[in-house]
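Notes follow once the structure below has been shown.
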Amino acid sequence: MPELPEVEAVRRHLVAAVEGRRIESVRVLRADYIRYTAFPLAELSGCELRTINRHGKRLFWPFVPQGCMVSHLGMSGRVTLRSSGDPSLAHTHLIIAIAGGIYLHFSDPRRFGGVWLYESEVDAAAAHVYRKMGVDALSLREEDLTVWSRKATSLKAELLSQKTVAGLGNIYVDEALWMARLHPMQKVRRITRESRGRLVACIGQVLRASLRHGGTTFRDYRDAKANRGGFGQRLAVYGKAGHPCQRCGAVLQSLVIAQRSTVICPKCQLRRNHGRNAN
DNA sequence: TTAGGCCTGCAC
DNA sequence: GTGCAGGCCTAA
């Protein structure tokens with residue numbers, strides 16, 4: 001499932017191919033994949049794609065002279081570059097024709113993802129970043145987590161919520177918490193500053209390592225070239241319940257936290273908030 | 001804060 | 001055939 005490294009890998013590939021190019025036409029094959037439009041999508045024809053930015057798991061596509069598209073891959077979304085405007089992949093919902101004979105195909109079997117269209121980049125950010133998303137996980141610093149001292153949620157729920165840190169999903173939350181030796185059920189307000197610093201470092205390390213390998217392949221993820229990511233076999237805990245912890249050898253344990261499957265090392269990741277409201 | 005719904009493919 | 005996987009939104 002696409003998380004930050006997968007989305008970033010897609011972004012880099014797309015930018016190299018289509019940045020600065022003109023939109024020739026837009027073809028919607030499935031209307032409800034377009035979640036919001038401030039103006040008809042067809043009016044993007046003739047506009048120039050200025051660049052592609054990313055915040056968390058979302059891509060922002062600002063156009064000149066006007067318009068900004070937001071895309072989210074959801075669980076099973078893919079954006080692929082093709083030389084044909086005919087849908088070759090099942091579940092292709094949107095095709096954007098770009099000058100130079102390039103066609104951007106948006107496909108998404110499960111349709112958890114989608115596309116939004118705003119008048120401007122500011123409008124797009126207002127709807128998708130300012131209200132609900134925290135700092136992007138790749139530029140996270142320890143100071144960004146000081147707000148945790150006033151929050152009652154668990155580490156797992158907090159990191160999945162995108163509210164303070166944007167971009168992590170179930171895979172990388174489990175990986176980063178394991179690397180930082182923190183228990184996912186621990187309350188964020190009880191995390192020491194030192195542990196927060198360690199977590200920030202581990203989040204960066206996990207994401208950058210994944211990015212170097214082109215993301216994680218799990219189920220349907222592919223990058224814009226339809227390649228599979230190579231980070232999958234390097235995962236330490238995700239999907240590895242019952243296997244030995246590569247750090248201490250203890251058997252990795254599976255549990256459900258915040259309605260999400262979670263894998264931890266019961267020996268490395270000890271809860272430190274026992275004795276007070278530690279149910 | 002938590003549960004449910006969305007949706008499909010795949011493992012069992 | 002059943003159930004689970006998951007991000008994110010909405011409702012209770």
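Reminder, nothing fancy here: chain letters follow the sequence lines and each chain counts from 1.
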Next on the checklist: Suppose we call two aromatic rings close when their centres sit under 6.0 Å apart. Are Y33(A) and W116(A) close by that rule?
Outcome noted: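 Not under 6.0 Å, so no.
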
Nearest-angstrom distance from the residue atom [atom1] of [X] to [atom2] of [N]:
X: D108(A); N: dC8(C); atom1: CG; atom2: C1'; answer: 13 Å
X: H93(A); N: dC7(B); atom1: NE2; atom2: P; answer: 11 Å
X: I171(A); N: dG7(C); atom1: CD1; atom2: C1'; answer: 12 Å
X: K151(A); N: dT1(B); atom1: NZ; atom2: C1'; answer: 13 Å
X: L73(A); N: dG6(C); atom1: CG; atom2: C1'; answer: 14 Å
X: M75(A); N: dG9(B); atom1: CE; atom2: P; answer: 13 Å
X: I257(A); N: dT2(B); atom1: CD1; atom2: C1'; answer: 15 Å
X: R78(A); N: dG6(C); atom1: CZ; atom2: P; answer: 20 Å

Residue-phosphate contact under 4.0 Å: [X] side-chain N/O, [N] OP1/OP2:
X: H72(A); N: dG7(C); answer: no
X: R58(A); N: dC8(C); answer: yes
X: R111(A); N: dT8(B); answer: yes
X: Y238(A); N: dG6(C); answer: yes
X: S76(A); N: dG9(B); answer: no
X: Q162(A); N: dG7(C); answer: no

Checklist entry - When all nucleic acid strands are considered with a 4.0 Å heavy-atom cut-off, which category describes S161(A): base, sugar-phosphate, or nothing? => result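 Touches nothing.
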
Next on the checklist: Categorize Q259(A) for me: base, sugar-phosphate, or nothing, with a 4.0 angstrom heavy-atom threshold over every strand shown.
Outcome noted: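 Base contact.
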
Item to check | Stacked cation flag R247(A) on W178(A), 6.0 angstrom / 45 deg | outcome: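 R247(A) over W178(A) ring: yes.
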
Checklist entry - Charged N to carboxylate O below 4.0 Å: is that the case for D32(A) and R30(A)? => result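 Salt bridge present between D32(A) and R30(A).
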
Checklist entry - By centroid distance (under 5.5 Å) and plane angle (under 30°), are F112(A) and dC8(C) in a stacked arrangement? => result no

Item to check | Any N/O donor-acceptor pair, R260(A) side-chain to dG7(C) base, under 3.5 Å | outcome: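 When only heavy-atom distances are counted, R260(A) does reach the base of dG7(C) through a donor-acceptor pair under 3.5 Å.
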
Next on the checklist: Using 30° and 60° as the class boundaries, would you call the ring planes of H128(A) and Y118(A) parallel, tilted or perpendicular?
Outcome noted: perpendicular

Next on the checklist: Which is more 5' along DNA chain B, the nucleotide nearest H91(A) or the one nearest A152(A)? Just name the residue.
Outcome noted: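 Result: A152(A).
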
Next on the checklist: As an exercise, state the distance from CZ of R82(A) to CG of L104(A), rounded to the nearest 0.5 Å.
Outcome noted: 11.0 Å

